[in-house]
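Working notes, structure below.
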Amino acid sequence: MERKLVSDAFTLGVCYYPEQWDERLWEDDYRRMKEMGMDIIRVAEFAWTIFEPEDGRFEFGLFDRALDLAHAHGLRVIMSTPTATPPAWLTHAHPEVLNKTQDGLTYHHGMRRHYTYNSTVYREYCARIVRQLAEHYKDHPAVVGWQIDNELNCETDVFYADADHDAFRAWCRDKYGTLDALNRAWGAVFWNQTYTAWEQVHLTRKTAAGSPNPHQALDEKRFISDSAISFAKLQADILREVAPRHWVTTNGLFGNLDSHRLTDETLDFFSYDSYPLFYTMFGDASEPEPMRDRWWSLNLCGVRDISPNFCVMEQQAGPGGWTNRIQLPAPYPGQMRLWTYQSILHGADMVLYFRWRTATFGTEIYWHGLNDYHNGPNRRLREAAAVGEELRRVGERLVGRTYRADVALLEDYDNEWDGRLDTMHGVLRGPSMSAWFKRLQYRHMPADKIKLRGDATADELSGYRLAVYPHPTIMSERTAQMLEAYVRQGGILVLGARTGYKDETGRCRMMPFPGVAAALCGVHVDDFTLIAGDREPANVALADGSGRMFKAPLFNETLSVQDSGTEIIAAYASGWYAGSPALTRRKLGAGEVWYYGASFSEGAAEAILDLLDLPSPAADWARLPREVEFGIREDAAGGRWAYLLNYADREVDIELVRDCVDVLTGERLSGRTVMPAFGVRILEPAPQ
Ligand code: GAL
């Protein structure tokens, strides 16, 4: 499939809901958007009943007027398919399209995303409305692309309607062929779960203690992902057939969904909705050296791995809140601008603020857009207008560039999904990934976050000096061989506890830990313990005599060296396993592999990074304080721009080591200079 570009000049825009406002406001809204440097709006993702007020009767008048007027003002339009919110007439007449909870309760009309991907009836209604919309708007001069649905798998990422159970049965038959094969893969002899007829096979259902068969639960997640992809493909195929000039995307990044395959098979590019203020609810604000909104850079790295250049369909533009849940404060002055450039640094070639004006009714009356209810001037509008003015000047030069990183942080869908149920490895992954990303950020070492696919090759990794794959519990023999080839070619691979002991069904191998990675690492795990209850995380001490120590949280494995080339880098320094090896390094070919028998604390990541002593590309540009994120985007000719983003609420000093021009202001800079609170600089080398 030939893919269309996001845009050939940076595009700023805003999410707009013409159906929620008096039509007399539209003209003024569009005029002000354009004045603020906005060129695109996204519309219609929740407007099905406007287009189809009753079964089979279609009306386009409202959106025709809204789009014609947008076009008259020089705005482009992203149309959406409205399938995230089925009409009341549809769910009333066909309740079988509604999703159910695992114990069989129906999700009713009154919120959104209450349907299931596998209902044949729902798919027919969706196909019809998508075709109607595509036919109607395919030649509209304002329309440039389509958003499919809205945030697939948001709100709920599990589906248990009757149609899902039926579709899962068919999926299992297709995957396993025979019940014998399914029973084997699911270890069904355990607790007498053996199936003797296909009608007995279901998605996981309510069980005592809420503990389903773990192999079935893993397949369930693969099935949900396949279902979402096939639902998106149903729509994408119609859009491509009817409106081939338009691009197709969808927004979000949610659980139980292989967004990579979704994008490869159905989209021109992926889009993300970036709400950094969620850090105030789920973040590390009360911990030492918090990353706060900078964590969204890790999310954006994940998006970049799906589409190197992408769209941020919804960029936070104000305080957030639903009437009954989610309470987010107002952004600080300058933070919205900072987040816009955070998105751009990580690969966004188009950013739309969410939303133009705060809704005056409905669940999201506290999810503030750029305009307040009163519709007069405010600080958020002023800030967005300043960004619009800047981007109008430099936008053409920003797009199509590639983020450059020497470090890869690896993860994969199988372990993410298996780890949601199997907490014995699932709980390790998040803290380890965060510890690595944070320490890399504070050392100004850009990293990519990569979802490793089953068919990945060593060449795909060979551009990375360092690859950290924290806890790949499920690992195929093929992946173990691929990682070995990466190391032999010169890569540095770091693996953590609980690696390699499960096969792709999630069954455990009859091998010493770390299973299929044991030979590669040159170690066996002799003994191990979960760190829980009264077990304290052990101290680990480097073996170089430096006395340097760090903590080994969550899980501790004691290692024994199996290969004469494997060195002990650190050993446990407390508890009953004091003195046992904890961290090893094996040199292999042109590279090396490290194994660490615990989850990675920041102290462990920092110690390994110190020992590796890899250079930061920031050294060619500037000496930077920790508060500043550093990243590089490269153009097709190899020309590099350095992005500096200050996340601190105060001014910081930086010291340039080469003469630069700030792309945003045109200023020539050298030596010591300041960055204001939440400030941004994009630097290119100054002409000699
Ligand atoms: C997004 C969603 C929007 C809006 C926003 C704020 O997840 O796509 O429609 O709900 O969050 O809650």
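Along the sequence shown, residues carry numbers from 1. Worth saying up front: this structure is predicted, and the values here are computed from it rather than measured. Counting starts at 1 for both ligands and their atoms, in listed order.
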heavy-atom search around atom 5 (C) of ligand 1 in the protein gives Y275 OH, 3.4 Å
Is it true that [X] and [Y] have a side-chain N and a carboxylate O under 4.0 angstrom from each other?
X: E151; Y: R113; answer: no
X: E27; Y: R24; answer: no
X: D157; Y: K221; answer: no
X: D39; Y: R392; answer: no

Quick check: does N251 get an N/O under 3.5 Å from an N/O on ligand 1? no
I need the single residue from Y122, Y125, F159 that forms a ring-ring contact (aromatic ring centres under 6.0 Å, His included) with Y115. Which is it? Y122
For W26, does the six-membered ring have the charged nitrogen or CZ of R65 within the cation-pi criterion, i.e. under 6.0 angstrom from the centroid and within 45° of the normal? no
Proximal ligand 1 atoms for [X], defined as those under 4.0 Å from one of its heavy atoms:
X: N150; result: 2 (C), 8 (O), 9 (O)
X: D273; result: 8 (O)
X: E314; result: 1 (C), 2 (C), 3 (C), 5 (C), 8 (O), 11 (O)
X: E151; result: 1 (C), 2 (C), 7 (O), 8 (O)
X: F46; result: 9 (O)

Heavy-atom nearest neighbour of atom 9 (O) of ligand 1 within options M313, E364, R112, R113: R112
